[in-house]
Amino acid sequence: MTDISAAKDALRRQQIETPSWAYGNSGTRFKVFAQRGVPRTPQEKIDDAAQVHRFTGVAPSVALHIPWDTVDDYGALAAYAEERGVRIGAINTNVFQDDDYMLGSVTNPDPAIRRKALDHLLECVDIMDATGSRDLKLWFSDGTNYPGQDDIRARQDRMAEALSAVYERLGDHQRFLLEYKLFEPAFYTTDLPDWGTSYAHCLKLGPKAQVVVDTGHHAPGTNIEFIVAFLLREGKLGGFDFNSRFYADDDLMVGAADPFQLFRIMHEVVQGGGYDPETGVAFMLDQCHNIEPKIQGQIRSVMNVQEATAKALLVDTAALRAAQDSGDVLGANAVFMDAYNTDVRPLLAELREEMGLDADPIAAYLASGYYEKVIEERKDGQAAGWGA
């Protein structure tokens, strides 16, 4: 039997980080549809993130993206977040939007450009110091488009050199999370194309280097839950960038394309001990809301992660293990599916009320009048956007 009380206690402790860039005008590579009331500054992004935490109770941190969220005083920005009931989370680097990075950033053949990219990464560690952030998120668009364009092995050497320099700069309680992506924008080789390449670099460096799994960065049919289970077993799963995709890296709301996959991932997290706070696994959203309202999209995404987690916590592990040990294939699958098919919405509604929250976060947000207020307050000035 599943202990409902223990499951609720675990859900009460859940923390899901939202990304600052999800609140601005962001979307596809082809068109970004501007919306009314979007933030104009990093402070206003934090205001919106605080609303997600206000109505869900489990989104206490907001990730920054540099230079999109550049300010003069990061300590003051951290204090601003704290005043609004949230904190600064991961610091995300950007070495993919400068013209100099056409042939790569830290793997570029030009040593001057590599130095420029590394200086940015080190600057982001300085920002971590100022904000009290634990995690530095590293994603590189580096790669090649044509056979023979560059030396594949040499690019790996350059990557290793840059990662080592960043690793040495990290403080005792800091770490970096190394992301990977199968393709795009490089279409022949990508310098960090998969979890194995990221894992190999992190393994060589040490415990402050961890792998982050973006659920949209895999080939169709990839068993992401296997990757999660393996990295947890090796102590190298640093966190997630949750989103959904139908074709490639669509950055749709988590759970939209395949909620069963999200449940399977969270099952491996729970079974592998990754849900325990001491493991340090970070649960982050990485999404762009192009046609749906920004704050509502973030609230719904948080709720989707909560629902998948609740189902994972309701798996009857004793019955599952007994069926597995006896070779009862269908019996084991039935236990697994029973948990997935459970309607956990009443349980989560009850939990929210116990936490002093509204049972329906979306309805509570819509009734709050916050959206109408910021539409009026933010009607002037330049709205923040993807790359702004």
Side-chain angles (χ1 to χ4, degrees), residues 1-16 58 194-196 199 210-246 253-283 301-351:
M1 296 292 292
T2 302
D3 187 336
I4 299 296
S5 177
K8 288 171 71 174
D9 286 343
L11 289 164
R12 191 176 285 108
R13 298 191 304 269
Q14 188 167 36
Q15 296 188 0
I16 302 166
V58 295
D194 52 40
W195 70 271
Y199 171 70
Q210 301 277 300
V211 180
V212 64
V213 175
D214 185 307
T215 50
H217 285 188
H218 305 84
T222 297
N223 190 317
I224 299 175
E225 53 268 34
F226 170 82
I227 299 169
V228 170
F230 182 91
L231 291 174
L232 269 172
R233 181 176 180 272
E234 298 299 316
K236 279 296 183 183
L237 180 64
F240 291 93
D241 275 357
F242 280 129
N243 52 53
S244 275
R245 67 176 180 83
F246 287 98
M253 284 172 28
V254 59
D258 190 350
F260 184 43
Q261 180 192 66
L262 181 58
F263 162 72
R264 299 193 310 264
I265 289 171
M266 291 309 303
H267 170 72
E268 294 302 331
V269 170
V270 170
Q271 292 301 302
Y275 192 71
D276 299 331
E278 56 268 23
T279 64
V281 176
F283 302 96
S301 299
V302 169
M303 293 171 67
N304 288 350
V305 176
Q306 285 182 299
E307 290 177 15
T309 306
K311 293 180 179 186
L313 290 166
L314 293 178
V315 172
D316 189 335
T317 54
L320 181 64
R321 180 57 54 86
Q324 291 172 340
D325 290 346
S326 66
D328 184 356
V329 175
L330 294 181
N333 179 251
V335 172
F336 195 72
M337 295 306 300
D338 281 346
Y340 175 68
N341 289 322
T342 300
D343 185 356
V344 297
R345 291 174 297 175
L347 181 151
L348 286 166
E350 182 179 286
L351 174 64

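The model shown is predicted, which means the values in this text are computed figures rather than measured ones.
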If every non-hydrogen atom of [X] is compared with every non-hydrogen atom of [Y], which pair is closest and at what distance?
{"X": "Ala323", "Y": "Ala332", "result": "CB-N, 3.5 Å"}
{"X": "Gly216", "Y": "Asn243", "result": "N-OD1, 3.1 Å"}
{"X": "Ala256", "Y": "Ser244", "result": "N-OG, 3.1 Å"}
{"X": "Gly274", "Y": "Val281", "result": "O-CB, 3.5 Å"}
{"X": "Val254", "Y": "Asn304", "result": "O-ND2, 2.8 Å"}
{"X": "Arg245", "Y": "His218", "result": "NH2-O, 2.6 Å"}

From CA spacing to verdict: side chain to side chain contact (heavy atoms under 4.5 Å, CB included), Phe283, Met266 | CA-CA 10 Å; Phe283 302 96; Met266 291 309 303; 4.0 Å; yes

Given the rule in the side chain to side chain contact (heavy atoms under 4.5 Å, CB included) test, do Leu347 and Leu11 qualify, once you have shown the distances and angles that lead to the verdict?
-> CA-CA 10 Å; Leu347 181 151; Leu11 289 164; 3.7 Å; yes

Side-chain touch [X]/[Y], heavy atoms, less than 4.5 angstrom:
{"X": "Arg264", "Y": "Phe336", "answer": "yes"}
{"X": "Met337", "Y": "Phe260", "answer": "yes"}
{"X": "Val213", "Y": "Trp195", "answer": "no"}
{"X": "Val269", "Y": "Phe240", "answer": "yes"}
{"X": "Val344", "Y": "Leu314", "answer": "yes"}
{"X": "Gln306", "Y": "Gln14", "answer": "yes"}
{"X": "Thr309", "Y": "Leu313", "answer": "yes"}

Mark yes or no for whether Asp276, through its side chain, and Glu278, through its backbone, hold a donor-acceptor pair below 3.5 Å.
->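 Pair absent, no side-chain N/O of Asp276 close to backbone of Glu278.
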
Side-chain (Arg13) to main-chain (Tyr275) donor-acceptor, under 3.5 angstrom =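 A pair under 3.5 Å: no.
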
Which distance, rounded to the nearest 0.5 Å, do you find between the [atom1] of [X] and the [atom2] of [Y]?
{"X": "His217", "Y": "Asp194", "atom1": "NE2", "atom2": "CG", "value": "13.0 Å"}
{"X": "Lys8", "Y": "Asp3", "atom1": "NZ", "atom2": "CG", "value": "11.0 Å"}
{"X": "Phe230", "Y": "Leu237", "atom1": "CZ", "atom2": "CG", "value": "12.0 Å"}
{"X": "Arg321", "Y": "Gln271", "atom1": "CZ", "atom2": "CD", "value": "7.0 Å"}
{"X": "Asn333", "Y": "Leu320", "atom1": "CG", "atom2": "CG", "value": "9.5 Å"}
{"X": "Leu262", "Y": "Ile224", "atom1": "CG", "atom2": "CD1", "value": "10.0 Å"}

Under the side chain to side chain contact (heavy atoms under 4.5 Å, CB included) rule, what do Glu268 and Phe226 come out as? Steps first, then yes or no, please.
-> CA-CA 8 Å; Glu268 294 302 331; Phe226 170 82; over 6 Å; no

Dump the intermediate steps for side chain to side chain contact (heavy atoms under 4.5 Å, CB included) on Ile227 and Thr222, then the final yes or no.
-> CA-CA 9 Å; Ile227 299 169; Thr222 297; 3.8 Å; yes

Describe, in one word, how the ring planes of Phe263 and His267 are oriented to each other, choosing from parallel (under 30°), tilted (30 to 60°) and perpendicular (over 60°).
->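 Phe263 and His267: tilted rings.
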
In this structure, are over 12 heavy atoms from other groups packed under 6.0 Å from Arg345 atom CZ?
->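 Incorrect, the count does not exceed 12.
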
